[in-house]
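Report on the structure given below.
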Amino acid sequence: MKEYKGEEINNILPMKYPYMILDEIIVEEEKSAHSIIYLKEDDWFFKCHFPGNPVLPGFLLIESMGQTLLSTFIKQANLSVGEVPFMTEVSNIKFEGFCTPGDKVIIDAELIRFKYGIARGVVRSYKNEVSDSSMLTELNMSFALPSILKRL
């Protein structure tokens with residue numbers, strides 16, 4: 001198990017600011033990962049989504065959930081420089097809440113399978129604590145390695 005904070009996250013994931021908003025991530029490779037986002041009033045997306053009623057955009061939450069799942073298998077994938085797996089599927093998505101400045105988003109990702117260049121997992125996000133009543137989003141997600149996509 002390995003913990004990454006702030007800029008250290010850039011050592012394992014290719015995404016960068018402004019789409020990399022994870023503050024902390026704990027990775028158990030080939031199994032699971034847990035990440036945290038601390039939402040601040042001055043976060044760039046709150047200025048436009050929505051002025052006077054700031055809410056974390058759903059697309060950023062889904063992207064962060066994907067990044068958390070990606071961290072479970074990216075080292076195992078042994079990618080070339082500049083090569084990144086592509087999100088190929090998001091399914092069974094349920095939005096059950098929202099977050100605003102001052103909230104903490106907790107993301108739990110479980111890698112179900114990584115075989116033949118295809119990764120599948122289940123990812124859940126929570127507001128401030130991990131409990132059924134604080135769930136924000138639950139979804140199934142898949143990634144494919146670029147070498148697999150070139151064959152299609």
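This is a predicted model, so every value here is computed, not measured. Sequential numbering from 1 along the given sequence is applied to the chain's residues.
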Could you list the donor-acceptor pairs under 3.5 angstrom formed by side chains in residues 49-71, with sequence neighbours left out?
| unit_1 | atom_1 | unit_2 | atom_2 | d |
| --- | --- | --- | --- | --- |
| His49 | ND1 | Val55 | O | 2.8 |
| Glu63 | OE2 | Gln67 | NE2 | 2.9 |
| Ser64 | OG | Leu60 | O | 2.9 |
| Gln67 | NE2 | Tyr19 | O | 3.0 |
| Thr68 | OG1 | Ser35 | OG | 2.7 |
| Thr68 | OG1 | Ser64 | O | 2.9 |
| Ser71 | OG | Thr68 | O | 2.6 |

Atom [atom1] in [X], atom [atom2] in [Y]: separation rounded to 0.5 Å?
X	Y	atom1	atom2	answer
Leu13	Met15	CG	CE	6.0 Å
Leu79	Ser147	CG	OG	8.0 Å
Phe143	Leu111	CZ	CG	10.5 Å

Checklist entry - Taking it one step at a time, do His34 and Ser32 satisfy side-chain contact (heavy atoms from CB on, under 4.5 Å)? => result CA-CA 7 Å; His34 315 280; Ser32 64; 3.7 Å; yes
Per the salt bridge (charged side-chain N to carboxylate O under 4.0 Å, His left out) rule, what does the pair list look like for [range], sequence neighbours excluded?
range	answer
residues 130-145	Lys94-Glu138, Arg124-Glu138
residues 3-12	Glu3-Lys5
residues 96-109	Asp103-Lys127

Sequence-distant partners of [X], side chain to side chain donor-acceptor pair (under 3.5 Å), two or more places apart:
X	value
Lys47	none
Ser91	none
Tyr126	none

Is any side-chain heavy atom of [X] closer than 4.5 Å to a side-chain heavy atom of [Y]?
X	Y	value
Pro14	Ile74	yes
Phe45	Leu39	yes
Tyr4	Ile12	yes

Next on the checklist: I'd like to know whether Ile107 forms a side-chain contact (heavy atoms from CB on, under 4.5 Å) with Val123, so could you lay out the CA-CA distance, the side-chain angles of the two residues, the decisive distance to 0.1 Å, and finally the verdict.
Outcome noted: CA-CA 7 Å; Ile107 301 171; Val123 190; 3.6 Å; yes
Checklist entry - Under the salt bridge (charged side-chain N to carboxylate O under 4.0 Å, His left out) test, which residues partner Lys2, sequence neighbours left out? => result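 With sequence neighbours excluded, Lys2 shows a salt bridge (charged side-chain N to carboxylate O under 4.0 Å, His left out) to no residue whatsoever.
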Show every donor-acceptor pair shorter than 3.5 Å between a side-chain atom in residues 24-31 and any protein atom, with sequence neighbours excluded, or say none if there are none.
| unit_1 | atom_1 | unit_2 | atom_2 | d |
| --- | --- | --- | --- | --- |
| Glu24 | OE2 | Tyr38 | OH | 3.1 |

Could you see if [X] belongs to whatever hydrophobic cluster contains [Y]? Use Ile, Leu, Val, Met, Phe, Trp, Tyr and a side-chain cutoff under 4.5 Å.
X	Y	answer
Ile37	Met20	yes
Val105	Val122	no
Phe98	Ile21	no

Checklist entry - Would you find more than 12 non-hydrogen atoms of other residues, nucleotides or ligands less than 6.0 Å from Phe95 atom CZ? => result yes
Specify the closest pair of heavy atoms between [X] and [Y], including all atoms of both residues, with the distance to one decimal.
X	Y	result
Ser134	Val130	OG-C, 4.1 Å
Asp43	Lys40	OD2-N, 2.8 Å
Phe86	Pro146	CE1-CG, 4.1 Å

Checklist outcome for this item: side chain to side chain contact (heavy atoms under 4.5 Å, CB included) filter on Glu41, not counting sequence neighbours, yields Pro101
Checklist entry - Given Ile93 and Asn140, is the side-chain contact (heavy atoms from CB on, under 4.5 Å) satisfied, shown in steps? => result CA-CA 7 Å; Ile93 187 167; Asn140 296 332; over 6 Å; no
Next on the checklist: Give me each pair satisfying side-chain hydrogen bond (donor to acceptor under 3.5 Å, both in side chains) with a member in residues 110-122, each pair once, sequence neighbours excluded.
Outcome noted: Arg120-Ser142
Next on the checklist: Applying ring-ring contact (aromatic ring centres under 6.0 Å, His included), can you list everything that pairs with Phe114, at least two apart in sequence or on another chain?
Outcome noted: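 Testing Phe114 for ring-ring contact (aromatic ring centres under 6.0 Å, His included), a comparison that skips the adjacent residues, returns Phe73.
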